Visitor: 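Sharing a structure here in structure tokens format.
Note that the structure is a prediction, hence the values are computed from the model and not measured. Counting starts at 1 for both ligands and their atoms, in listed order.
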Amino acid sequence: MDKTAKIIIDNKTYEFPIVVGAENEKAIDISKLRDETGHITLDAGLANTGTCTSAITYVDGEKGILRYRGYPVEQIAENTTFVEVAYLLIYGELPTRAQLDKFSNSFTEQAMIHEDMKNFFDGYPSTGHPMGILSAMVCSLSAYYPEMQNPEPSKEEIDKIAVELLSKVRTISAFSYKKSIGQPFVYPRPDLKYVPNFLNMLFSSPAREYKIDEDIVSALRTLLILHADHEQNCSTSTVRLVGSSRANLFASISAGICALWGPLHGGANQAVIEMLKEIQRDGGNVKKYVDMAKDKSNAFRLMGFGHRIYKNFDPRAKIIKKQADKILNKLGIHDPLLDIAVKLEEIALKDSYFIERKLYPNVDFYSGIIYKAIGIPVEMFTVMFAIGRMPGWIAHWKEMIETPSLKIGRPRQVYTGQHQRNFIPIEQRR
Ligand code: CMC
């Protein structure tokens, strides 16, 4: 017989099946817990709760392992393009040459957004954060592509919408940047690949044609690939939860973008640079900030440090640190913020507070240094994360929507409020 877990409540024993994953990770299937025992589980932050099974990404936080569809992220980052990774995540296998060409060509065909959507950008003040604009624009796409709002889309419809979104998000992001600096929009070019096309839309202008630099393209491509998926993180879980109500892909991903925006999640890449600048302005006293992060009466945290899953190192951070050194050398940039970051890492990694809590630099610690070197403004950093995470969000939405007997996500709670009491008319309230 398969293994089971026993729960004893008031001397009565209940048995629940144990589910074992492909990498031997174990879960107690408690889907019948409430029906059988009248109890629910309480798990703040969902730190011990699996909400689905998934065949997309494997993470082992203790060993620092990250694999997309079984392939180690180190091999993927070294050998593939972002479009190829998107295909792998969404369809489960690496594409053949013919499949990849077809997929890439569809990106080129779908790169434009409806001309009317350009007017939306005029409605935002120049101070509007690009993540808010991106989320609104992605949701607005549903108004322009009503044929893609089918709550139970066919395989063909999912394929079409996936490509539309992956391609258009790049155009929307570049347009929102252009709007913020008061420059005319640069349209996508059919002769350019995904990453150079994006860089061209960001940095070309009527006054200056952007010269594509292969090292910059390669650095940005690596960053996008490293962000492409990370199983059930806050934003991906949001996409799944929203999508479980059969909301369309645009609406689900728009919600995911909002979840990513927070400084404890994707917004950390912007927060890291702001923190490093603050330390620099304050005279470069790194130890002062490490002490502040340890002080429980102070809400300050070292941004770019710590992770819910990784407890030894973040494999993405290792690759990014190397890329940061490479790109700064190549561009001949000496960034004093990098010096502060290195010092901060050195001090924190030797400190018992960080050692005991297993807090290491995460993916966001060095990514901002690269974005900054490439010339991407700080407010756009989290947008870059969103572009990178798009294939993962789409893959998870697709996997979820294709799950037979999909249930709407609806957690429970333990109520701690007032018992029933009688209404008091306003005249009698004190
Ligand atoms: N600086 C100082 N103390 C920290 C930090 C930090 N960056 N991160 C965690 N801690 C402490 C925390 O105070 C707690 O201490 P204690 O046990 O004494 O109460 C302990 O470490 C455990 O922290 P937690 O908040 O319970 O851990 P979590 O798994 O809920 O949070 C996290 C994970 C990433 C939100 C958190 O480490 C954090 O806030 N880091 C800074 C923000 C950041 O860099 N986020 C990007 C994450 S990677 C990109 C992504 O995938 O989103």
Side-chain angles (χ1 to χ4, degrees), residues 43-49 56-62 64-66 68 73 131 223-239 256-276 278-279 286-321 341 344-371 378 381-393 396:
D43 183 20
L46 299 174
N48 304 286
T49 299
I56 300 169
T57 289
Y58 174 68
V59 180
D60 181 330
E62 275 71 35
I65 292 173
L66 170 61
Y68 297 159
V73 76
M131 282 297 274
L223 282 177
L224 294 181
I225 290 173
L226 293 175
H227 285 89
D229 192 42
H230 211 245
E231 49 116 305
Q232 311 308 319
N233 54 84
C234 177
S235 55
T236 304
S237 299
T238 301
V239 169
I257 292 169
C258 290
L260 185 75
W261 191 358
L264 297 194
H265 192 9
N269 57 14
Q270 176 174 341
V272 168
I273 292 294
E274 283 161 358
M275 174 186 76
L276 295 175
E278 176 56 30
I279 297 175
V286 170
K287 190 170 172 307
K288 175 178 163 189
Y289 286 82
V290 172
D291 289 342
M292 262 163 64
K294 288 157 52 178
D295 178 358
K296 291 293 166 192
S297 64
N298 193 325
F300 175 78
R301 284 186 164 201
L302 276 195
M303 301 315 286
F305 262 78
H307 198 276
R308 170 62 63 79
I309 308 280
Y310 292 123
K311 298 300 174 197
N312 264 322
F313 65 94
D314 181 337
R316 303 166 300 174
K318 274 194 168 178
I319 301 172
I320 289 177
K321 169 82 180 9
L344 195 62
E345 184 182 354
E346 261 170 32
I347 295 182
L349 290 184
K350 282 190 201 128
D351 191 297
S352 60
Y353 174 95
F354 291 87
I355 295 169
E356 278 159 22
R357 289 169 182 75
K358 302 192 167 156
L359 302 170
Y360 298 88
N362 59 48
V363 68
D364 289 324
F365 194 64
Y366 284 108
S367 60
I369 303 274
I370 302 181
Y371 292 139
V378 176
F381 287 6
T382 316
V383 169
M384 305 308 298
F385 194 151
I387 297 174
R389 185 53 54 86
M390 202 57 62
W393 288 333
H396 281 274

Visitor: Report the member of His265, Lys358, Arg301, Met292 with the shortest heavy-atom distance to atom 24 (P) of ligand 1.
Guide: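 Going through His265, Lys358, Arg301, Met292 one by one, Arg301 has the nearest heavy atom to atom 24 (P) of ligand 1.
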Visitor: Is there a nitrogen or oxygen of Arg357 sitting under 3.5 Å from a nitrogen or oxygen of ligand 1?
Guide: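 Yes, since at least one N or O of Arg357 sits under 3.5 Å from an N or O of ligand 1.
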Visitor: Would you check, one step at a time, whether the test side chain to side chain contact (heavy atoms under 4.5 Å, CB included) holds for Asn233 with Arg389?
Guide: CA-CA 11 Å; Asn233 54 84; Arg389 185 53 54 86; 3.2 Å; yes
Visitor: Does Leu359 approach ligand 1 within less than 4.0 angstrom via side chain, backbone, both or neither, non-hydrogen atoms only?
Guide: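 Side chain only.
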Visitor: Is the shortest distance from a heavy atom of Val363 to ligand 1 less than 4.0 Å?
Guide: yes
Visitor: Among residues at least two apart in sequence or on other chains, which ones pass ring-ring contact (aromatic ring centres under 6.0 Å, His included) with Tyr366?
Guide: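 With neighbours one apart ignored, the set is empty.
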Visitor: Taking atom 44 (O) of ligand 1 as the point of reference, which of Ser367, Ala47, Gly304 owns the nearest heavy atom?
Guide: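 Comparing heavy atoms across Ser367, Ala47, Gly304, the nearest one to atom 44 (O) of ligand 1 lies in Gly304.
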Visitor: So, does Lys294 sit close enough to ligand 1 that a heavy atom of it is under 4.0 Å from the ligand?
Guide: no
Visitor: With a 4.0 Å cut-off on heavy atoms, is His230 touching ligand 1?
Guide: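 Not so, His230 does not reach ligand 1.
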Visitor: Taking 4.0 Å as the limit for heavy-atom contacts, which would you say applies to Tyr353 with ligand 1: side chain only, backbone only, both, or neither?
Guide: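 For Tyr353, only side-chain atoms sit under 4.0 Å from ligand 1.
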Visitor: So which pairs with a foot in residues 354-364 pass side chain to side chain donor-acceptor pair (under 3.5 Å), sequence neighbours left out?
Guide: none
Visitor: Identify the protein heavy atom lying closest to atom 13 (O) of ligand 1, giving its residue, its atom name and the separation to 0.1 Å.
Guide: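 Residue, atom and distance for the closest contact: Lys296 NZ, 2.9 Å.
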Visitor: Just to be sure I read this right, does ligand 1 sit under 4.0 Å from the backbone of Arg308, its side chain, both, or neither, counting only heavy atoms?
Guide: both
Visitor: Around atom 45 (N) of ligand 1, find the nearest protein heavy atom and jot down its residue, atom name and distance.
Guide: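 That would be Leu264 O, 2.8 Å.
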